[in-house]
Amino acid sequence: MSFMKGDLLTRTRKLVKGLAKAEPVWLKAMEQAPPVTFPRAESKVKQISLPEDVYIKKFFKKYPESICEDAIKICAYDPPPARVFGCRVLDLKEQGVTEEEAMAVADMEYRMEKKAKKIAYKQLKQIARLQGKKPPPNPYPSAIKEFQAKERKYVRDRFYNPDILKIVEKMKEERAAQMQDRMRATGGGGGGGGRGGGGG
């Protein structure tokens, strides 16, 4: 179907030339002032890569638990630790430090910051205890613990929500019925074979 190829003007010309379509009123005007043709975009979308991505991958290899912290938080202004690490390595390299030393410094800074956050929260809890108050929530929570806190409600529902318990009971009954059907099918097949052998 070659008449379907090309832009509107080309297709219309082909249809008119092949007597498949009457010549439209606008065809001559369009031929005198054809529409602008834009270059086609490439079919494959190129992956966006940033200079610090190499170091971010290395950071994730060393600290796989921090992958959870790299989720995009719309309300957060601070970049995730992996990106901070990658940018820090690039900054140090620009200052003339070797790659190995830059990574070692950035790694040490990350660990020190993590340790400082733990100490700060420990002190917050101590102050709360001295004042006789309930300890405040951790201002630097682990990403994994944040996910677990969100999921805790659903885990409890699994054991105590009556609607979910009904579904579980129904599933157990269905499974038991399936097992009985299988037992009958295997038992019935074996019995039939025995009778046939006796008759011969």
Side-chain angles (χ1 to χ4, degrees), residues 1-8 11 15 20 40-87 89 103 106-107 110-111 113-115 117-118 121-122 125 134-200:
M1 294 178 68
S2 61
F3 64 88
M4 293 303 289
K5 289 179 181 176
D7 59 3
L8 177 68
R11 280 185 284 169
L15 289 166
R40 284 190 175 186
E42 289 180 25
S43 56
K44 270 193 175 181
V45 179
K46 288 180 181 176
Q47 192 177 0
I48 297 168
S49 60
L50 299 169
E52 67 266 23
D53 285 353
V54 180
Y55 304 110
I56 288 168
K57 283 174 186 172
K58 286 179 181 178
F59 180 85
F60 284 148
K61 273 186 184 176
K62 192 166 186 181
Y63 303 103
E65 72 280 357
S66 64
I67 291 170
C68 301
E69 293 173 16
D70 206 33
I72 296 164
K73 292 182 179 177
I74 308 296
C75 59
Y77 293 98
D78 300 323
R83 199 148 297 277
V84 172
F85 174 85
C87 292
V89 172
M103 283 181 71
D107 185 51
Y110 167 71
R111 281 188 279 128
E113 189 185 346
K114 208 174 179 183
K115 196 175 180 182
K117 283 177 179 178
K118 280 183 183 176
Y121 182 54
K122 199 175 181 182
K125 285 199 287 188
K134 189 183 173 184
N138 190 349
Y140 317 109
S142 153
I144 294 165
K145 284 181 181 175
E146 277 185 330
F147 289 133
Q148 286 173 344
K150 285 176 187 174
E151 289 168 359
R152 202 168 288 133
K153 177 186 175 289
Y154 302 107
V155 173
R156 282 181 190 148
D157 279 359
R158 181 181 163 196
F159 298 105
Y160 302 111
N161 190 329
D163 296 333
I164 290 169
L165 290 170
K166 279 179 191 174
I167 294 165
V168 171
E169 283 299 318
K170 195 176 179 184
M171 284 173 75
K172 280 180 182 175
E173 286 169 13
E174 284 173 5
R175 196 173 290 165
Q178 282 176 357
M179 287 295 287
Q180 283 180 351
D181 289 344
R182 279 185 198 161
M183 291 293 282
R184 282 179 197 148
T186 52
R195 279 193 220 102

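Because only heavy atoms are used, hydrogens play no part in the values below, and waters and symmetry mates are left out as well, while side chains stay in.
With contacts defined as side-chain heavy-atom distances shorter than 4.5 Å, the pair K115/R111 does not qualify.
Between the side chain of Y55 and the backbone N or O of R83, no donor-acceptor pair lies under 3.5 Å.
Here the closest non-hydrogen pair linking E52 and G86 is CB-C, 3.7 Å. For the pair A82 and I56, the tightest heavy-atom approach, listed with the atom from each and the gap, is O-CG1, 3.4 Å.
Residues satisfying the salt bridge (charged side-chain N to carboxylate O under 4.0 Å, His left out) test with K58, not counting sequence neighbours, are E99. Shown here are the ring pair (Phe, Tyr, Trp, His ring centres under 6.0 Å) partners of F59, two or more places apart in sequence or in another chain: Y63, F85, Y110. Residues satisfying the salt bridge (charged side-chain N to carboxylate O under 4.0 Å, His left out) test with D163, not counting sequence neighbours, are none.
The line from NZ of K166 to CD of E169 is 11.5 Å long, rounded to the nearest 0.5 Å. Separation of atoms CD (Q178) and CD (E173) is listed at 12.5 Å; rounding is to 0.5 Å.
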- Task: Dump the intermediate steps for side-chain contact (heavy atoms from CB on, under 4.5 Å) on V168 and K172, then the final yes or no.
- Result: CA-CA 6 Å; V168 171; K172 280 180 182 175; 4.0 Å; yes
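Using a 4.0 Å cut-off between charged side-chain N and carboxylate O, D53 and K57 make no salt bridge.
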